[in-house]
Amino acid sequence: MSKTFKRTTVTAALIYANGPIHIGHIAGCYLPADIYVRYLRAAGRDVKFISGTDEHGVPITIKAKKEGVTPQEVVDKYYKIIKDSFEEFGISFDIYSRTSNKVHHEMSQDIFKKIYDQGQFTEETTEQYYDEKAKTFLADRYIIGTCPKCGNENAYGDQCERCGSTLSPTELINPRSSLSGDKPILKATKNWYLPLDKMQPMLEEYIASHPEWKTNVLGQVKSWLNDGLKPRAMTRDLDWGIKVPLPDTEGKVMYVWFDAPIGYISMTKELTDQWELYWKDPETRLVHFIGKDNIVFHCLIFPAMCKADGRFILADNVPANEFMNLEGDKISTSRNWAVWLHEYLREFEGKQDILRYVLAASAPETKDSDFTWSDFQIRNNSELVGIFGNFVNRAVVLTEKNFEGKVPKQGQLNDYDRQALATLQELPAKIADSIENYRFREALALMMDVARLGNKYLADTEPWKVIKTDSERTATILNVGLQIAANLAILCEPFMPFTAEKLRKVLNIESLSWSEAGRADLLAEGQPITNVGLLFEKVEDVTVAAQVQKLEEAKRQNLLEGKAVPAIKEEVKYDDFAKMDIRVGTIISAEKVAKSKKLLKLTINDGLKQRIILSGIGEHFQPENIVGQQVTFLANLAPRPMMGMVSEGMVLMAEDKDGSLSFIQPDKNIWNGGVVS
RNA sequence: CGCAGGAUGGAGCAGUAGGUAGCUCGUUGGGCUCAUAACCCAAAGGUCACAGGUUCGAGUCCUGUUCCUGCUACCA
């Protein structure tokens, strides 16, 4: 796609305003987007960089209820935290707004109305579960009940986590609301659907016109198209969100994924009167930076909305990233397994560029990647300090020592100089090409090659030796060295803006355009050099160790806090208890059940026979370690088929605060078959 | 279950239209001393997840298998 565009609209995912942001968000979309935008600006292109917080939807109302505040208070709090940390981190949005703004409500309603008026929605009345006490319809996830397939009493309305089957809320036996605990009732409700099934041919054509998109993006999209798209409800029964602009729709709001992407448009409108140019002109390139979980919304649903409306351009590219893990584990807000940006900024003051560098260097561009503190330290110490910082420092110190801190005269260049400068000259275009094709890791590596080139140049020309015999030649060498540093100031700007700024101060130059890069006359002879100190400092072992420890501590704390002693269940009669036949037996063999994560097949000597019990404890115990242990089990539980076998009973376990399991065992070995009462 | 993405030297990644497997970091040895023990040079290290197949030739194409991830709460 070599189509040329007059301007670019860049969006970065609207983040959900119910928590602070972490490194995964940054590496996933904000940093790549920022690099892209900063480069475009440096290249003199017309670009607008738009993002904000998404403030509607069910999870925010739940969070508000939990904390005993209003949804508005929740989003206000997080909007500020998020916005401030982005700003301090140097993510250079042209506007960072929010979907609770008036402009956004109006824009969303306008688009909804337009699609409605054009007859593009279908109306459907369905029966949904309603919680009478909480006075709200329940999202699938907030209905809990017994799984019709495996009997798990805590299956969710959309899925049973024990057997993995996909459910719909009406299949659940004994459904209850996770909000009030009450049994919800079925209530008829009318909603408006976007008939994606009918729009599929159009969407297929759109996707087919972009073979250049990343494979992970195309793969995901094709997976949805192959399954066949289904109509999707664009309204919800809820009181938190954007009102549906139709008569008799009290208590209905738009589906968050309807209004959220419209946020990109409304925020642009908030930014500039020229907003229509950025959203309606076919000569505008629209690029969405997102994480992989948002692919379907940005590649199919939002384009479908735009088409249904008819006024807006579609994305030219959606360079979605995969996910970043932390120390080998999935980043998780609820488990507090994350490096939070606002905390990093506090603990590593003025060191934004280290994190920017490390995250850009290991961004999950093609597959999930891993952030570790040890990698952070190594990358800083050996690459930023050792290569980049050191090169600049060498050039500056040599100039200070030998030429009174002024750019020396560039005399006659020899072949070696010309060769080095020729290599330098090629790099800006290469870096630009990588960035324009969304290969930011590659671009970053090429930028570092400039610093490597500088180090090698100094090592090969040995100005500290030459100065003893030939001052004129030394002047030329250091001039070239400083010119390379000046190039670095331009080329590192998209990735490390704070460093670029510092470097410009050192060299006493203004911010230069990308097109100036590659030249060897950026610095004039006699221009003073100001040594403002080191660009990067080493990260010590103790710093890194402290971070790792903090992570583990936070994780442990969170686990403990998350656990409350559950309330006592409903009272039972002695007869109910007496029905249960609980006995002691010994595990005589244990093995993993093939294809199952958690199931262990236990053979138990119960004093009468060998009994097979399948138990979901595989994540807590190694089979070989539990053979010979005595266990307590429910002996008269109806046999249940599982994974092609039959389980005859249930082993009793006690769960500790941290989720670990222990067997319930007699305090001394007793005979197999001993009855518990 | 299904669909999709991934699996390449110790670590992180490239590998473009099938033709002797590259880069960065780390390791080892050497050089240098202007520089934050930093920089420069060199070397070692891979049966490209596993098993088949197509081909003169496969990391690259096809089939099957295993593991990780997404689609599925928190979530880029």
Suppose you measure atom [atom1] in [N] against the same atom in [M]; what distance do you get, rounded to whole Å?
| N | M | atom1 | answer |
| --- | --- | --- | --- |
| B:rG46 | B:rG30 | C1' | 25 Å |
| B:rA37 | B:rG70 | C1' | 45 Å |
| B:rU47 | B:rG59 | C1' | 12 Å |
| B:rA21 | B:rG26 | P | 26 Å |
| B:rC25 | B:rG57 | C1' | 34 Å |
| B:rG10 | B:rU69 | P | 23 Å |
| B:rU24 | B:rC40 | P | 10 Å |
| B:rU65 | B:rA38 | C1' | 50 Å |

Separation of atom [atom1] in [X] from atom [atom2] in [N], rounded to whole Å:
| X | N | atom1 | atom2 | value |
| --- | --- | --- | --- | --- |
| A:Leu398 | B:rA38 | CG | P | 18 Å |
| A:Ile378 | B:rC13 | CD1 | C1' | 15 Å |
| A:Asn390 | B:rU33 | CG | P | 16 Å |
| A:Leu384 | B:rC39 | CG | C1' | 16 Å |
| A:Asn531 | B:rU36 | CG | C1' | 12 Å |
| A:Asp460 | B:rC40 | CG | P | 9 Å |
| A:Asn479 | B:rC34 | CG | C1' | 17 Å |
| A:Leu444 | B:rC13 | CG | P | 14 Å |

B:rC25 phosphate, OP1 or OP2, under 4.0 Å from A:Arg379 side-chain N/O: no
Under-4.0 Å side-chain N/O to phosphate OP1/OP2 contact, A:Lys538 with B:rA38: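 Looking at the OP1 and OP2 atoms of B:rA38, one of them is under 4.0 Å from a side-chain N or O of A:Lys538.
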My understanding is that a pair needs two contacts under 3.5 Å, Watson-Crick or G-U wobble. By that rule, which nucleotide pairs with [N]?
| N | result |
| --- | --- |
| B:rA42 | B:rU28 |
| B:rU60 | none |
| B:rA21 | none |
| B:rC67 | B:rG6 |

Regarding [X], tell me which of base, sugar-phosphate or nothing describes its non-hydrogen contacts under 4.0 Å with the strands shown.
| X | value |
| --- | --- |
| A:Ser369 | sugar-phosphate |
| A:Asp375 | nothing |
| A:Val397 | sugar-phosphate |
| A:Ile295 | nothing |
| A:Gly28 | base |
| A:Asp368 | sugar-phosphate |
| A:Phe536 | base |
| A:Leu534 | base |

Whether A:Trp373 and A:Tyr344 hold their rings parallel, tilted or perpendicular, with breakpoints at 30° and 60°: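 Answer is parallel, since the angle falls under 30°.
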A:Tyr96 and A:Tyr79 aromatic ring geometry - parallel, tilted or perpendicular at 30°/60° bounds: parallel
Identify all pairs in which a protein N or O lies below 3.5 Å from an N or O of nucleotides 28-32 of chain B, and state each distance.
none

Choosing from [options], which nucleotide comes nearest the side chain of [X]?
| X | options | result |
| --- | --- | --- |
| A:Thr366 | B:rC39, B:rC13, B:rC71 | B:rC13 |
| A:Lys330 | B:rA35, B:rG70, B:rC71 | B:rG70 |
| A:Lys401 | B:rA38, B:rU24, B:rA35 | B:rA35 |
| A:Arg452 | B:rU24, B:rG5, B:rC39 | B:rU24 |
| A:Asn393 | B:rC40, B:rA35, B:rG70 | B:rA35 |
| A:Lys367 | B:rU36, B:rC39, B:rG6 | B:rG6 |

Residues A:Glu322, A:Lys367: salt bridge by 4.0 Å N-O rule: no
Within-4.5 Å side-chain heavy-atom neighbours: A:Ile21 and A:His342: no
Under 3.5 Å donor-acceptor, [X] side chain and [Y] backbone:
| X | Y | result |
| --- | --- | --- |
| A:Trp224 | A:Leu229 | no |
| A:Thr543 | A:Val539 | no |
| A:His298 | A:Ile295 | no |

Stacked cation flag A:Lys292 on A:Phe323, 6.0 angstrom / 45 deg: yes
A:Phe89 ring center near A:Trp340 ring center (under 6.0 Å): no
Ring centres under 6.0 angstrom apart (A:Phe348, A:Phe376):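 Yes - the distance between ring centres of A:Phe348 and A:Phe376 falls below the 6.0 Å cut-off.
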